Each structure stands twice: as structure tokens, then as C-alpha cells.
Amino acid sequence: MVVAITNLGAKVLQIVVPDRSGALDDVALGYDQLADVITGSPSMGAFVGRYAGRIGGARFTLDGHEHHLTPNAGAHCIHGGPRGSRHRVFDATQTDAQTLQLHHRFLTAEDGFPGTLDLQLTYRLDDDNALVLEHTATALDAPGPASFTSHIYFNLDGVGQGQRIDGHVLQVPGSREVLAHRGRRHRHGAPGLARRPPAGPAHGSGAG
């Protein structure tokens, strides 16, 4: 496995793996040129924070105080706002051939978020040929919301094959749902739809 990462947004640009025949292909969507990383989709491959997801109305209340955020998706604040981590240049250190450590500090009042938040992120290829992401976020001077996620776009058929992902099958072995946006329950499809794969064979050859 070969993984290419940029410290701009801590974005994964490539994950090159062999398919069952040993042919190499990239299974992660990403840009080949830095100019495209800067001007293209900001979420593609990014590590998203300080708050991944949408904060409705670009405001929230914490300890009785209402905080107003910078909207960047209509009236809402999405993925940490205009100064979220997907737009920021991380400090980066490659400690060995298999490990990349990244750091970013979110300052208090950036896009309206309270508190200084320190983010430590590690990408590591382990000896079992798995890509491991580990992160720790520490509030330094005041409490505030924090929610992070990796936003890699996968195509397990391989980007070089030019195929869409319509034939991919998603299975999530989860037993609980997430309450989001002021307590309203969000569910897509029938209950438990992604907990078991659909009947019938899956399409696509698959890389890896």
C-alpha cells in the first residue's frame, strides 16, 4: 500500500493498493496538482473539524450563552466554517516511512467558536497493511464543541478504471442512530437498511 497525503487540510490524495490479481490502482479520489487541491472540492480527502457536519442556523448555545458562527452553507455553518481544518495548513512531521504526524491549533473566536483547541493527528501504515488514523483534540482554555471525521472519497473498483460506485455495497454494523439538528432524528431509507447487505451478488471487481 502507498498513501499520499498533503498537509493542506491533512488531505489523503491517493491510496494505492493491489487488486486480487496484483494490479495496482488508486482507491481514493484526490487531485494530482496542488493548484487543484486549493481550488477544488475542499472536503475531498480532508480531515474535517473543528466541527464536522452542519450546525443549523450557524448558532448554538453552550452553558447558557448563544454563540453565532460564520455561515458558509446558506444560513448554516458546515464542517467548521470558512476556517475549518479542511482549509488550513497543518504542521507536519514524517517520523518514519510509515508515520505522518500533523498538528493544528484552532484559535478562540475563529468563525465564532469558543476556546482554543489543539488537534494532534496521526496517519500510520501498520504492519498489517492498514491505514490507521488517530487523533486527539484538547481544549486549552475554554469548553467548546468538537467533532472530527475523515472525508476520504473511496472508489474500491479503482479510480483508474473509470467506474462509478453504483455497484458498491455498504454495510454498517451499528445498533444505534444519531440524533442531529436540534433533536430531530435523521434516517435515510428503511430502518436497519445498512446493517445487512442486500440480497444478490455485488457488482464490481474491487481493488484490495
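Bear in mind the structure is a predicted one, so any value in this text is a computation, not a measurement.
- D157 contributes no side-chain N or O that, together with a main-chain N or O of Q163, makes up a donor-acceptor pair within less than 3.5 Å.
- For the atom pair OH of Y123 and CD1 of I5, the computed distance is 5.5 Å after rounding to the nearest 0.5 Å.
- Closest non-hydrogen pair, N155 versus H168, comes out as OD1-CE1, 3.6 Å.
- Residues that satisfy the side chain to side chain donor-acceptor pair (under 3.5 Å) test with S43, not counting sequence neighbours, are R86.
- Looking only at side-chain heavy atoms (C-beta outward), D111 and P82 come within less than 4.5 Å of each other.
- Using modelled atom types, one finds no donor on one side chain facing an acceptor on the other under 3.5 Å when comparing Q101 with H103.
- Identified under the salt bridge (charged side-chain N to carboxylate O under 4.0 Å, His left out) test for residues 96-108, with sequence neighbours left out: R105-D118.
- Counting non-hydrogen atoms of neighbouring residues, nucleotides and ligands closer than 6.0 angstrom, the CG atom of L62 exceeds 12 such neighbours.
- With contacts defined as side-chain heavy-atom distances shorter than 4.5 Å, the pair V17/D25 does not qualify.
- Every residue two or more places apart in sequence or in another chain was checked for a ring-ring contact (aromatic ring centres under 6.0 Å, His included) with Y31, and none qualifies.
- Screening residues 28-51 for salt bridge (charged side-chain N to carboxylate O under 4.0 Å, His left out) gives no qualifying pairs among residues at least two apart or on separate chains.
- With ring centers used as reference points, Y51 lies 6.0 Å or more from H79.
- In this pair, H67 and F60 present their aromatic rings parallel. The plane angle is below 30°, not in the 30 to 60° band.
- Formation of a donor-acceptor pair under 3.5 Å by the T6 side chain with backbone atoms of L8 is found in this model.
- The nearest pair of heavy atoms linking T108 to G115 is OG1-N, 3.1 Å.
- Inter-residue side-chain proximity for T122 and H135 is flagged as unmet; no heavy-atom pair is nearer than 4.5 Å.
- Dense packing is recorded around CZ of F106, with more than 12 heavy atoms of other residues, nucleotides or ligands lying under 6.0 Å away.
- Side chain of N72 to backbone of I78: a donor-acceptor contact under 3.5 angstrom is found.
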Residues 143-153, side-chain donor-acceptor partners within the protein, below 3.5 Å, at least two apart:
none

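- With sequence neighbours excluded, the residues satisfying side chain to side chain donor-acceptor pair (under 3.5 Å) with E134 are R124.
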